[in-house]
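Heads up, the thing below is written out as structure tokens.
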Amino acid sequence: MERVPVPVTERVLPPASLTRETAVPEWSGVTNGDLSGFAKQLEGAVNRCNADKAELRAWAEDTATGQGK
């Protein structure tokens with residue numbers, strides 16, 4: 001009887017640090033000036049999300065090419 005190798009599927013997940021929730025700033029202002037500051041906080045949150053996405057893309061590329069970190 002011939003033996004046939006059975007492929008083993010390995011599940012590879014991204015680092016937990018790249019899948020954490022990004023904190024959503026809470027509005028607590030009352031003036032237009034406060035709104036400007038809040039907009040900057042929101043922009044910071046979006047920038048953090050985009051940085052995580054960039055790191056995820058790099059991780060996926062490294063994983064696909066066998067250079068996993």
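Numbers for residues simply follow the sequence, beginning at 1.
The CD atom of E21 sits 10.5 Å away from atom CG of D52, with the distance rounded to the nearest 0.5 Å. The distance from atom CD of E43 to atom CG of N50, rounded to the nearest 0.5 Å, is 10.5 Å. Here the CD atom belonging to E61 is positioned 13.5 Å from the CG atom belonging to L56, to the nearest 0.5 angstrom. In this structure, OG on S28 lies 7.5 Å from CD on Q41, to the nearest 0.5 angstrom.
Between A23 and A45, the shortest heavy-atom contact is O-CB, 3.9 Å. Taking every heavy atom of both residues into account, T22 and C49 meet most closely at OG1-SG, 3.2 Å.
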Worked verdict on V12 versus W59 for side chain to side chain contact (heavy atoms under 4.5 Å, CB included)
CA-CA 11 Å; V12 180; W59 172 84; 3.7 Å; yes
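Considering only residues two or more places apart in sequence or on other chains, D34 meets the side-chain hydrogen bond (donor to acceptor under 3.5 Å, both in side chains) condition with T31.
Formation of a donor-acceptor pair under 3.5 Å by the W27 side chain with backbone atoms of G29 is found in this model.
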